[in-house]
Amino acid sequence: MTSASPSNSGAPQRFPVVVVGAGPAGLTIGNILRAAGVDCLVLEVETREFIEQRPRAGVIEEWAVRGLQRRGLADTLLERAQLHTECEFRFAGERFRFAYGELTGQHHFVYPQPLLVTDLVREYADVRGGEIRFGVQDIELHDLETPRPSVSYTDVGTGERQLVGCEFVAGCDGARGVTRTVLPETTTIARHDYGIGWLALLAEAPPSSDCVLFGIHPNGFAGHMARSPEVTRYYLECPPGDDPENWPQDRVWAELQQRLGADGTPPLTEGRLIEKRVLDMHNYVVEPMTFGRLFLAGDSAHLTAPIAAKGMNLALHDAFLLGDALVAYLGKDDGSGLDGYSEACLRRVWDYQEFSQWLSEVYHGTSSGDEYRAGTTFARLRRLFTSPAAAAAFAEQYLGTAATY
């Protein structure tokens, strides 16, 4: 919530920037600030152990990795990440390999988000000496429309309220975080619900392919994404709001084998399921991504369903722009980056939203029960594998390399 500064909290501590949320966006912003000699405070409601183990995305586009590399944040990633240059569509009992690396000279990095968060928090807190406080409660934002905003929270160790004065607040705490609750009524939140669910699975099983697999099947979409040599991420289309308990292990593997099966391919390597949850597929965009001295980044500002594996990449794009803009303002009194922050972020956000919507039709058209949608799905797939122009356009969007970004 936002309010006037509390009068009973004593003299506040002061930091130029308070970052709310220690995910990829918040930690990247913190690292950019610390590298420039700008003090900041990161507040996180969860423990360090929790954020370093929380299962999330794992596909990072090359431009995002190069952005991390330029900021000294990619050493471990570059040593350990898998490189992917192809994906494979399986439909109508056949397999179609798409070599986007050959078309573009670029690739994806597969590096699970918990590993990236571990790297970023270590660099921020242990190497660059940044201030971070875990397990805080009851965060409140104050005076955001003034030049002297502040943030208060409860220290769980002492039970006392703490007040921190600042010049800017970076809201990186997701859709359910406090920074989303303070936006004015003039803020637009555009939302799109796909009307489907995905059963998100982690299997203790080695990948069954050297690339990402997309299964386009009348029973529903299925996806295969490597996470490590021992663990594979799978997705199964299911009804929205479905109970994961409706999907025992035998049923899961039977559907995966069927939906990802194709002539001439061996069966999937099965293993114990170590995660099973249902994601309702929806997107949202907050516009503008600013309110007074509050700047939103990552899932606080937008969500792109995992249909196109864009979420972590958008969070990093926001963080690069906001971190650099804050450094320019605080170090050189250059406010142009902050003034143009929301517009610059939203260009990429909306482009990724459109691609996610297009790809959703490819994934889900054949299982919709609508013969027209199924027919257009196959038309799109045929064009992808027969038209060099269509292939180049898909590769550009899949990798996020369009020149307009």
Side-chain angles (χ1 to χ4, degrees), residues 2 12-21 23-43 63-74 120 123-124 128-132 141-151 164-173 179 182-184 186-187 285-298 300-302 313-351 400 402-405:
T2 184
Q13 307 168 69
R14 288 204 63 82
F15 290 85
V17 181
V18 174
V19 178
V20 183
L27 291 168
T28 299
I29 291 167
N31 273 296
I32 291 172
L33 294 171
R34 289 300 303 137
V38 176
D39 288 334
C40 64
L41 171 65
V42 177
L43 299 176
W63 64 263
V65 172
R66 300 309 173 201
L68 291 168
Q69 186 180 20
R70 287 194 298 272
R71 294 164 173 87
L73 301 173
L120 293 173
E123 185 69 23
Y124 174 76
R128 300 184 181 181
E131 286 282 343
I132 185 166
L141 311 182
H142 314 279
D143 303 319
L144 293 172
E145 294 182 273
T146 76
R148 297 178 67 84
S150 60
V151 180
V164 182
C166 58
E167 294 187 55
F168 298 98
V169 179
C172 309
D173 53 342
T179 59
V182 304
L183 301 176
T186 53
T187 302
V285 179
V286 177
E287 194 165 355
M289 292 168 52
T290 61
F291 170 50
R293 290 297 182 103
L294 170 66
F295 292 78
L296 301 181
S300 297
H302 42 73
N313 297 284
L314 283 176
L316 291 171
H317 182 251
D318 294 349
F320 297 155
L321 292 181
L322 183 53
D324 291 347
L326 288 168
V327 169
Y329 182 89
L330 294 167
K332 303 175 184 176
D333 199 28
D334 177 0
S336 59
L338 292 179
D339 292 341
Y341 169 71
S342 181
E343 182 180 354
C345 289
L346 287 168
R347 284 196 295 269
R348 184 182 289 262
V349 168
W350 279 116
D351 199 274
T404 57
Y405 299 158

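Just so you know, these numbers use all the heavy atoms, side chains as well, and skip hydrogens, waters and symmetry mates.
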Just verifying a value: how many Å separate [X] [atom1] and [Y] [atom2], rounded to the nearest 0.5 Å?
| X | Y | atom1 | atom2 | value |
| --- | --- | --- | --- | --- |
| Leu43 | Cys172 | CG | SG | 11.0 Å |
| Asp334 | Asp324 | CG | CG | 11.0 Å |
| Leu68 | Glu123 | CG | CD | 11.0 Å |
| Tyr124 | Ile29 | OH | CD1 | 11.0 Å |
| Leu144 | Thr146 | CG | OG1 | 8.0 Å |
| Leu120 | Thr28 | CG | OG1 | 4.5 Å |

Minimum heavy-atom distance between [X] and [Y], given as atom pair plus value:
| X | Y | answer |
| --- | --- | --- |
| Gly337 | Ala325 | C-CB, 3.5 Å |
| Leu183 | Thr187 | CB-OG1, 3.7 Å |
| Thr179 | Ser300 | OG1-OG, 3.8 Å |
| Cys345 | His317 | CA-CE1, 4.1 Å |
| Cys166 | Val18 | CB-CG2, 3.9 Å |
| Pro288 | Ser342 | CA-OG, 3.5 Å |

TODO: Tell me, with the steps shown, if Trp63 and Asn313 meet side chain to side chain contact (heavy atoms under 4.5 Å, CB included).
DONE: CA-CA 9 Å; Trp63 64 263; Asn313 297 284; 4.0 Å; yes
Task: Over 12 foreign heavy atoms within 6.0 Å of CD, Gln69 - done: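 Counting other residues, nucleotides and ligands, CD of Gln69 exceeds 12 neighbours.
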Below 4.5 Å, heavy atoms only, C-beta onward: do [X] and [Y] meet side chain to side chain?
| X | Y | answer |
| --- | --- | --- |
| Pro149 | Leu294 | no |
| Val151 | Leu41 | no |
| Ile132 | Leu27 | yes |
| Arg148 | Asp143 | no |
| Leu338 | Leu322 | yes |
| Glu167 | Tyr329 | yes |
| Met289 | His302 | yes |

Give a yes or no answer on whether the side chain of [X] reaches the backbone of [Y] with a donor-acceptor pair at less than 3.5 Å.
| X | Y | result |
| --- | --- | --- |
| Thr290 | Phe295 | no |
| Arg128 | Asn31 | yes |
| Asp39 | Phe15 | no |
| Tyr341 | Leu296 | yes |

- [ ] Please confirm whether Arg71 makes a cation-pi placement over Phe320, using NZ or CZ under 6.0 Å from the six-membered ring centre and within 45° of the ring normal.
- [x]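 Yes, cation above the ring, under 6.0 Å and within 45°.
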Task: Positive for side-chain contact (heavy atoms from CB on, under 4.5 Å) with Val38, one of Ile32, Leu326, Leu330 - done: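 Only one option passes, and that is Leu330.
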